[in-house]
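Working notes, structure below.
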Amino acid sequence: MTDTPNEPEKEAAAETKSGADTPPDHLAINPRSKYYGGELLERGIGINFRGARKHNIEEYSVSEGWVKVQAGKTMDRKGNPLLIKLNGDVEAWFEDLGDDAPTIKKTS
């Protein structure tokens, strides 16, 4: 009988832990963006875009299925890198969790 009340607590703890182990749906590396996540970026974010591992992603949205990358060395009029928005399947995970890290991806 004592196990029954603890079961919901264990499930809630498991959900909290798994939620903390997956990156957010939308994240940017630019500190001026409202989607900037400095503490999260320190952990390292792995991105698969269209099935290939990418290291040049400036911003991503898993639910909307896009990433933003720099357009070469081109700058806008304010001196910020010019970004191109590419559409496709996006998958993200924390690199510090190793090879079996939980991922966040859009399910169709």
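Residue indices begin at 1 and follow the sequence shown.
- Side-chain atoms of Thr74 come within 3.5 Å of backbone N or O of Ala71 as a donor-acceptor pair.
- Qualifying ring pair (Phe, Tyr, Trp, His ring centres under 6.0 Å) partners for Tyr36, counting only residues two or more places apart in sequence or in other chains: none.
- Nearest heavy-atom pair, Ala92 versus Ile47, reported as atom, atom and distance to 0.1 Å: CB-CD1, 3.8 Å.
- Criterion: ILVMFWY side-chain heavy atoms under 4.5 Å apart, direct or through other members. Under it, Ile84 and Ile29 are part of a common hydrophobic cluster.
- Legend: ring pair (Phe, Tyr, Trp, His ring centres under 6.0 Å) pairs involving residues 42-87, not counting sequence neighbours, sorted by first then second residue: His26-Trp66.
- Between Leu97 and Pro102, some side-chain heavy-atom pair lies under the 4.5 Å cut-off.
- Remark: the backbone N or O of Ser63 is paired with a side-chain donor or acceptor of Asp25 at under 3.5 angstrom.
- If you chain together hydrophobic residues whose side chains sit under 4.5 Å apart, Val67 and Leu83 never meet in one group.
- Here the closest non-hydrogen pair linking Gly65 and Val90 is C-CG2, 4.0 Å.
- A single hydrophobic cluster is not seen to contain both Trp93 and Ile57; linkage of ILVMFWY side chains at heavy-atom distances under 4.5 Å, directly or through other members, places them apart.
- Judged as a salt bridge (charged side-chain N to carboxylate O under 4.0 Å, His left out), not a single pair has a partner in residues 57-80 (not counting sequence neighbours).
- Screening residues 45-55 for salt bridge (charged side-chain N to carboxylate O under 4.0 Å, His left out) gives Arg53-Glu95 as the qualifying pairs, with residues at least two apart or on separate chains.
- Among residues two or more places apart in sequence or in another chain, the salt bridge (Lys or Arg N to Asp or Glu O under 4.0 Å) test is passed with Asp96 by Arg43.
- Scanning all heavy atoms of the two residues, the minimum distance from Val69 to Asn56 falls at CG1-O, 3.7 Å.
- Placement of Leu86 and Val62 within a single hydrophobic cluster is found when ILVMFWY residues are connected by side-chain heavy-atom separations under 4.5 Å, directly or transitively.
- Contact record, Leu41 with Ala28: CD1-O, 3.7 Å, taken as the closest heavy-atom pair.
- For residues 29-39, no residue pair satisfies the salt bridge (charged side-chain N to carboxylate O under 4.0 Å, His left out) rule, not counting sequence neighbours.
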